[in-house]
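A, B, ... follow the sequence lines: proteins, then strands. Residue 1 opens every chain.
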Protein chains: 2
Amino acid sequence: MAENFRKEIVQRITKNLLDIQILRLIQTQPMWGYKIKKQVETKFGVKVGHGALYPLLNTLEQKGFLTSQKQQKGGRTRKVYTITSKGKQYVETYNNILKEQLEGLDIK
Amino acid sequence: MAENFRKEIVQRITKNLLDIQILRLIQTQPMWGYKIKKQVETKFGVKVGHGALYPLLNTLEQKGFLTSQKQQKGGRTRKVYTITSKGKQYVETYNNILKEQLEGLDIK
DNA sequence: TACAATATGTCCTTTTTAGGACATATCTCA
DNA sequence: TGAGATATGTCCTAAAAAGGACATATTGTA
């Protein structure tokens with residue numbers, strides 16, 4: 001039963017906070033869209049439509065969370081994304097909030 | 001700058017994972033809808049429409065995450081919710097996922 | 001040589017979600 | 001006695017999001 005919950009919650013976090021999960025992935029190493037898609041699918045077990053992913057990556061670049069470099073791999077072009085310091089800050093803030101969530105709530 | 005991120009991320013987590021945040025609140029002590037609404041607003045800084053909250057509470061009860069007892073407070077009726085063991089499991093699973101997120105990703 | 005995989009991108013429709021409107025009733029304080 | 005807070009509930013519309021279709025091109029493999 002707890003395992004059913006697991007998949008469900010991971011999927012919800014991944015879908016709703018997809019940008020953060022992508023930043024976390026790219027923080028481990030620079031990556032391009034197609035690889036991110038595959039990583040999200042194998043790591044988190046969540047299918048990501050590329051029609052949602054590529055616009056999101058462009059948005060994250062526009063916001064200054066990512067930068068990209070075009071890389072030639074044979075005749076195919078890869079757009080390799082690297083996380084910026086702003087992106088790292090966003091992830092760090094996220095991590096801090098998670099820590100607080102684990103510490104629990106104190107309600108009067 | 002990091003403070004701007006903070007509010008934004010807390011709001012996103014609260015809105016997208018509202019049911020989990022509610023379970024976490026009720027886990028600290030039994031609570032009724034109106035109090036939950038106020039707590040979410042003061043604790044998380046997120047406005048929750050009661051038109052979204054009450055149906056959600058009923059759904060969580062139907063799913064077996066919460067049970068309710070009607071409580072008379074003067075002539076007004078309160079529906080006090082208590083978390084079930086199933087609800088606690090859900091929160092615990094969520095906590096475990098958060099812990100793993102903090103431990104980080106290992107990508108080849 | 002044909003199909004699957006790699007690689008990136010836009011567009012549109014359907015579904016889902018959010019939030020305010022509608023609805024009712026009690027209590028407290030000025 | 002009237003307004004604001006407490007308390008719970010449904011309904012509907014408008015906005016947002018998801019996912020598949022459309023679009024193109026290269027590479028590797030059977």
Just how far, in rounded Å, is P of C/dT16 from CG of B/N16? 16 Å
In whole angstrom, what separates B/K70's NZ from C/dT26's P? 15 Å
Distance-only polar pair, side chains of B/K47 and B/Q11, donor-acceptor under 3.5 Å: no
What is the separation between atom CG on A/L53 and atom P on C/dA7, rounded to the nearest whole Å? 13 Å
Just N and O in the side chain of B/K35: are any of them under 4.0 Å from OP1 or OP2 of D/dA7? no
Out of C/dT8, D/dT10, C/dT10, which nucleotide sits closest to the side chain of B/Y54? D/dT10
Separation of atom NZ in A/K38 from atom C1' in C/dT8, rounded to whole Å: 14 Å
Below 30° counts as parallel, above 60° as perpendicular, anything between as tilted: where do the rings of B/F5 and A/F65 land? tilted
Give the rounded distance in Å between these two atoms: CZ of B/R78 and P of C/dT24. 24 Å
Have a look at A/I36 and tell me which of A/L18, A/I26, A/V48, A/L56 forms a side chain to side chain contact (heavy atoms under 4.5 Å, CB included) with it. A/I26
I need the CG-C1' distance between A/L56 and D/dA16, as an integer number of Å. 15 Å
By nearest heavy atom, map A/R76 and A/G49 onto DNA chain D; which one lands nearer the 5' end? A/G49
side-chain hydrogen bond (donor to acceptor under 3.5 Å, both in side chains) partner of A/T77, the single match among A/Q72, A/K70, A/Q71: A/Q72
With nearest nucleotides of DNA chain C determined for A/T77 and A/N58 from heavy-atom distances, which residue corresponds to the more 5′ nucleotide? A/T77
Whole angstrom is fine here: how far is it from CG in B/L66 over to P in D/dT8? 13 Å
Side-chain N,O (A/K15) to OP1/OP2 (C/dT16) below 4.0 Å: no
For B/R6, is there an ion pair with A/E92 - N to carboxylate O distance below 4.0 angstrom? no
When we call it a touch if two heavy atoms are under 4.0 Å apart, what does A/K47 touch: a base, just sugar-phosphate, or nothing? nothing
Would you kindly compare B/G51 and A/H50 by the position of their nearest DNA chain D nucleotide and give the one closer to the 5′ end? B/G51
Taken to the nearest whole Å, OH/B/Y34 to C1'/D/dT6 is 5 Å
